[in-house]
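Only one structure is covered here, and it is reproduced in the block below.
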There are 2 protein chains.
Amino acid sequence: MTREEILELFDKRGVKLTPQRLEVAAILLEKPQHLSADQIIDRLRDTGSKVSKATVYNTLNLFGEKGIAREIKVDPVRRIYDSTRGHHYHFYNVDTGELEDIPVGAVELGRQPDLPEGTEPLGVDIIIRIKNRRN
Amino acid sequence: MTREEILELFDKRGVKLTPQRLEVAAILLEKPQHLSADQIIDRLRDTGSKVSKATVYNTLNLFGEKGIAREIKVDPVRRIYDSTRGHHYHFYNVDTGELEDIPVGAVELGRQPDLPEGTEPLGVDIIIRIKNRRN
DNA sequence: GGCGGCGTTAGACTTTGTCTAATCATCATT
DNA sequence: AATGATGATTAGACAAAGTCTAACGCCGCC
Ligand SMILES: [Mn+2]
Ligand SMILES: [Mn+2]
Ligand SMILES: [Zn+2]
Ligand SMILES: [Zn+2]
């Protein structure tokens, strides 16, 4: 994602532009990927950036709320942020910890169950757990 | 689940019986439910039990590995253990934090995507996020 | 009775993320 | 230009969940 596209996305989602938010977005939204807050901080440090830990967490929470990135719940010890915003599912390799995207079209989700009384749907998360085949 | 059934399950899954493990199992496996480690510790304390925090965590990890309970990844701040062992999916109410079981039959999972090279499947987790309808 | 192997335990410790209070930046008003 | 309001950023304290360590208990076996 280019700088221009990021600015456009911020604007469309009502996120005020700041240098720090742009730095975080430039790393996370660079390409389709799944990163933890800590990985993002490491990469910021690698590029010499001084954005604080608090701001990185604030920013990632904001990105999650505003739909600029997606928070994936797959590892109980850390939150993973997904730069791919469109609807999709995931493979989760328990051996490597890697996440891989599954396009919506690749899964056929037929019948959906009735929702509990007085609730409305927010979304469906599908995680297919896999492991390396030991030959 | 009765005490007898628990002993049988321990035996079948190769889990050595100890008083502490039985206490934890008696609480978690009593009925279909979703509990955090902290909730289990609270209930143990309520019944006057002195099982240590370390043993509760050890035991829940063991139960997870041995298939005596299922670990649900839905809330990044705490692990949830599910007493229902059979294959099923979940509603997750983001307003209340409640989990509700979805029987396998209620979801039609048609086409499954091709797995990444050199991997084999472990299982499919489906979480349907819902929220309370504000009228 | 002594030994070996687990399981349990208290409490220290680690990791992830949040909070607080101070500072900074931006913008509008005078 | 100064003032003030508002919101973002920051360092570091803090909180919460879970793991680790080292000591101790228990039990079966020699
Ligand atoms: Mn790091
Ligand atoms: Mn509690
Ligand atoms: Zn993804
Ligand atoms: Zn369940």
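Convention: sequence-line order gives letters A, B, ...; per-chain numbering from 1.
Nucleotide dT9(C) holds its P atom 11 Å from the CD1 atom of Ile41(B), rounded to whole Å. When rounded to the nearest whole Å, the span between NZ of Lys73(A) and C1' of dG17(C) equals 14 Å. Leu17(B) places its CG atom 14 Å from the C1' atom of dC26(D), with the value rounded to the nearest Å. One atom, CD1 of Ile40(B), and another, P of dG18(D), lie 10 Å apart when rounded to the nearest Å. Here the P atom of nucleotide dT16(C) and the CD1 atom of Ile80(A) are 10 Å apart, to the nearest Å. Arg78(A) has its CZ atom 13 Å from the C1' atom of dA17(D), to the nearest Å. Computed from coordinates, the Asn61(A) CG to dT16(C) P distance equals 16 Å when rounded to whole Å. Distance, Phe63(B) CZ to dG7(C) C1': 13 Å, rounded to whole Å.
The side chain of Arg21(B) lies closest to dG7(C) when the candidates are dT9(D), dT18(C), dG7(C). Side-chain proximity of Lys16(A) to dG7(C), dG7(D), dT19(D): nearest is dG7(D).
Within a heavy-atom distance below 4.0 Å of DNA chain C, the residues of residues 45-58 of chain A found are Lys53(A), Ala54(A), Tyr57(A).
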Please tabulate, one pair per line, all N/O donor-acceptor pairs under 3.5 Å involving side-chain atoms of residues 19-31 of chain B, not counting sequence neighbours.
from	atom 1	to	atom 2	distance (Å)
Arg21(B)	NH1	Lys16(B)	O	2.9
Glu23(B)	OE1	Ser49(B)	OG	2.8

Please set out all donor-acceptor pairs under 3.5 angstrom arising from side-chain atoms of residues 55-68 of chain B, sequence neighbours excluded.
from	atom 1	to	atom 2	distance (Å)
Thr55(B)	OG1	Ser52(B)	OG	3.2
Asn58(B)	ND2	Ala54(B)	O	3.3
Thr59(B)	OG1	Thr55(B)	O	2.7
Asn61(B)	ND2	Tyr57(B)	O	3.4

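When the nearest nucleotides of DNA chain C are assigned to Ser36(A) and Pro19(B) by heavy-atom distance, the more 5′-ward of the two goes with Pro19(B).
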Checking Arg85(B) against Met1(B) for the side-chain contact (heavy atoms from CB on, under 4.5 Å) test, could you report, in this order, the C-alpha distance in whole Å, the side-chain angles of both residues, the deciding distance, and whether it holds? CA-CA 12 Å; Arg85(B) 264 160 315 96; Met1(B) 206 173 190; 3.7 Å; yes
Would Asp101(A) and Asp82(A) satisfy side-chain contact (heavy atoms from CB on, under 4.5 Å), going step by step from the backbone distance to the final call? CA-CA 10 Å; Asp101(A) 289 338; Asp82(A) 189 341; 3.9 Å; yes
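Close to dT9(D), at under 4.0 Å from its OP1 or OP2, lies a side-chain N or O of Thr18(A). Within the structure, a side-chain polar atom (N or O) of Arg79(A) is placed less than 4.0 Å from OP1 or OP2 of dG17(C).
Scanning both residues, Thr119(A) and Arg133(B), for their nearest heavy atoms gives O-NH1, 3.7 Å.
Classified by interplanar angle (parallel below 30°, tilted 30° to 60°, perpendicular above 60°), the ring pair His34(A)/His88(A) is tilted.
The residue Asp75(A) sits apart from the nucleic acid: no heavy atom pair falls under 4.0 Å.
Although no hydrogens or angles enter the test, the distance criterion places a donor-acceptor pair under 3.5 Å between the side chain of Arg45(B) and the main chain of Val51(B).
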